[in-house]
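The block underneath contains the structure these notes are about, expressed in structure tokens.
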Amino acid sequence: WAYAKFKTNNFFTKRLTSNFDLHVCQINEVRGLLGSLTEEMPSFLSDATIRRFLRARNWSMEQATKGLKETVKWRREYRPDAISWEDLAEMENEARRTHVADYLDKNGRSVLVVNLPMQSKVSVKEQIKHLVYLLEYFATNSADEQDDYVVWLTDFRGWSISSTPLSTTRETMHIIQNYYPGVIAVAIPFDPPRVFESFWKIAKNFVQPNMKEKVKFVYANKPESLKIIADIFDLDTLESSFGGRSTSTIFDINKYTERMRRADKMRGASKYTNGK
């Protein structure tokens with residue numbers, strides 16, 4: 001029995017090693033296909049980024065290379081790496097509406113919280129800029145992760161079509177799926193109203209198959225769907241508005257600002273000059 005167990009473990013070890021070696025070869029092959037682009041954007045076109053694009057494209061070197069080239073073109077024009085906290089408008093309100101939570105899920109993944117009932121005070125263009133800023137934050141701070149590493153938790157109570165116009169949804173999904181593939185692990189629309197079902201029938205046409213599998217609808221009045229929340233989160237840290245037991249309901253904008261400024265400084269995007 002012990003010998004059989006050893007043979008089984010040895011088989012899986014060899015298989016994992018073989019897969020690892022294959023993936024390293026694929027990363028190197030894609031790097032070669034990218035040519036001089038790797039010299040133009042060495043920080044972005046790291047092994048971790050190439051691996052993320054390969055994984056998101058089912059390890060197709062052709063598709064990963066195409067996606068990376070398109071992303072490089074977009075990054076030249078949009079400059080997401082240069083966006084800092086100081087560049088974002090109305091952040092006291094916007095950060096309360098969309099922010100990185102100060103807790104992780106059970107698997108140690110970051111959590112992106114979106115409170116759609118809260119009215120935005122900025123244009124759609126500025127909202128997209130804020131989203132890109134946060135995606136860049138996740139991609140930079142989780143560069144060594146092997147798997148999808150962000151849980152996207154959205155409060156849909158009180159949602160209306162004006163909360164997220166179809167055009168905004170299309171642009172949001174385009175950016176997440178094409179320029180930051182492999183970042184979102186699971187997306188949880190929490191307690192969407194009945195009217196959202198009609199919107200989703202149209203909006204899901206913008207969502208790629210692998211992303212659709214990550215969407216988990218949760219309803220406050222359905223205990224079986226609330227189990228999704230309990231399986232993903234430690235309920236003692238999750239805020240009560242999402243079915244958690246945390247009594248901490250105050251969003252401290254000052255602490256959050258310091259946190260984001262520190263992250264900006266680490267990735268070289270800081271424009272804060274007060275010596276912090």
Side-chain angles (χ1 to χ4, degrees), residues 19-83 98 100 109-110 112 114 124-125 127-152 164 166-187 202-216 267-269:
N19 284 341
F20 175 80
D21 290 341
L22 174 62
H23 293 164
V24 169
C25 289
Q26 289 173 311
I27 290 168
N28 290 334
E29 182 74 19
V30 170
R31 186 175 291 284
L33 292 171
L34 291 170
S36 61
L37 294 180
T38 56
E39 297 175 9
E40 179 186 344
M41 293 188 181
S43 297
F44 169 64
L45 293 173
S46 63
D47 285 356
T49 299
I50 295 173
R51 182 176 60 239
R52 179 160 55 82
F53 272 72
L54 276 165
R55 204 171 55 238
R57 300 293 179 256
N58 200 27
W59 296 97
S60 165
M61 291 183 289
E62 180 183 356
Q63 291 299 315
T65 303
K66 180 182 177 183
L68 284 163
K69 286 181 176 179
E70 290 173 353
T71 303
V72 165
K73 182 180 178 181
W74 173 76
R75 290 179 74 88
R76 280 196 200 112
E77 298 169 359
Y78 201 91
R79 295 296 310 280
D81 53 315
I83 302 172
T98 306
V100 183
R109 297 176 297 198
S110 298
L112 172 62
V114 182
V124 169
K125 182 179 179 180
Q127 290 177 46
I128 293 294
K129 185 178 181 180
H130 184 199
L131 172 68
V132 169
Y133 171 76
L134 293 175
L135 290 169
E136 195 72 9
Y137 167 89
F138 289 129
T140 303
N141 285 275
S142 307
D144 295 328
E145 295 290 339
Q146 296 293 316
D147 301 305
D148 305 336
Y149 41 78
V150 176
V151 177
W152 184 6
T164 48
L166 206 55
S167 58
T168 305
T169 301
R170 184 192 292 113
E171 186 173 2
T172 296
M173 295 314 303
H174 179 80
I175 289 171
I176 289 173
Q177 295 176 138
N178 292 285
Y179 306 143
Y180 295 91
V183 169
I184 302 298
V186 57
I202 301 172
K204 67 182 180 181
N205 293 317
F206 313 140
V207 183
Q208 295 169 1
N210 63 339
M211 189 66 181
K212 284 180 188 175
E213 294 174 3
K214 298 175 181 180
V215 178
K216 311 293 181 184
R267 65 184 178 87

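- Arg109 has its side chain out of reach of Val150: every pair of non-hydrogen atoms, C-beta onward, lies at least 4.5 Å apart.
- Distance alone, capped at 3.5 Å, places no donor-acceptor pair between the Gln208 side chain and the Met173 backbone.
- Looking only at atom types and distance, the side chain of Thr172 has no donor-acceptor partner in the side chain of Thr169 under 3.5 Å away.
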| query | What's the verdict on side-chain contact (heavy atoms from CB on, under 4.5 Å) for Ile184 and Phe138, showing C-alpha distance, side-chain angles and the deciding distance? | reply | CA-CA 10 Å; Ile184 302 298; Phe138 289 129; over 6 Å; no
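- For residues 24-34, the set of pairs meeting the side chain to side chain donor-acceptor pair (under 3.5 Å) definition, not counting sequence neighbours, comprises Arg31-Asp47.
- Closest approach of Ile27 to Arg51, counting heavy atoms only: CD1-CB, 3.9 Å.
- Every residue two or more places apart in sequence or in another chain that forms a side chain to side chain contact (heavy atoms under 4.5 Å, CB included) with Ile202 is listed here: Leu166.
- Residues passing the salt bridge (charged side-chain N to carboxylate O under 4.0 Å, His left out) test with Arg170, sequence neighbours excluded: none.
- Heavy-atom minimum distance, Tyr149 versus Ala139: OH-CA, 3.6 Å.
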Atom pairs and distances, side-chain donor-acceptor, residues 61-75, under 3.5 Å, sequence neighbours left out:
from  : atom 1 : to     : atom 2 : distance (Å)
Thr65 : OG1    : Met61  : O      : 2.7
Thr71 : OG1    : Gly67  : O      : 2.7
Thr71 : OG1    : Asn178 : O      : 3.3
Arg75 : NH1    : Glu136 : OE1    : 3.1
Arg75 : NH2    : Glu136 : OE2    : 2.7

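- Of all non-hydrogen atoms in Arg267 and Ile83, the two that sit nearest each other are NH2-O, 2.7 Å.
- You'll find the side chain of Val151 stays beyond 4.5 Å of the side chain of Leu112, heavy atoms only.
- Side chains of Ile176 and Trp152 form a contact here, defined as non-hydrogen atoms less than 4.5 Å apart.
- The OG atom of Ser167 sits 9.0 Å away from atom CZ of Phe206, with the distance rounded to the nearest 0.5 Å.
- Classified by interplanar angle (parallel below 30°, tilted 30° to 60°, perpendicular above 60°), the ring pair Tyr179/His174 is perpendicular.
- Between Val183 and Arg52 the shortest side-chain heavy-atom distance falls below 4.5 Å.
- With rounding to the nearest 0.5 angstrom, the OH atom of Tyr133 is 13.0 Å from the OG1 atom of Thr98.
- A 4.5 Å side-chain heavy-atom check between Phe44 and Asp81 finds every atom pair outside the cut-off.
- Using a distance-only test at 3.5 Å, with no hydrogens or angles considered, a donor-acceptor pair links the side chain of Thr38 to the main chain of Gly35.
- Taking each heavy atom of Ala56 and Pro181 in turn, the nearest pair found is CB-CB, 3.5 Å.
- The two atoms that bring Val132 and Pro80 nearest to each other are CG1-CB, 3.5 Å, heavy atoms only.
- Annotation: Lys212, atom NZ; neighbour count of heavy atoms from other residues, nucleotides and ligands within 6.0 Å is above 12.
- For residues 171-182, the set of pairs meeting the salt bridge (charged side-chain N to carboxylate O under 4.0 Å, His left out) definition, not counting sequence neighbours, is empty.
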| side-chain contact (heavy atoms from CB on, under 4.5 Å) between Tyr78 and Ile128, intermediate numbers included | CA-CA 11 Å; Tyr78 201 91; Ile128 293 294; 4.0 Å; yes
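- The pair Lys214-Asp148 counts as a salt bridge, with a side-chain nitrogen and a carboxylate oxygen less than 4.0 angstrom apart.
- Contacts of Glu40 classified as salt bridge (charged side-chain N to carboxylate O under 4.0 Å, His left out), with partners at least two apart in sequence or in another chain: Arg76.
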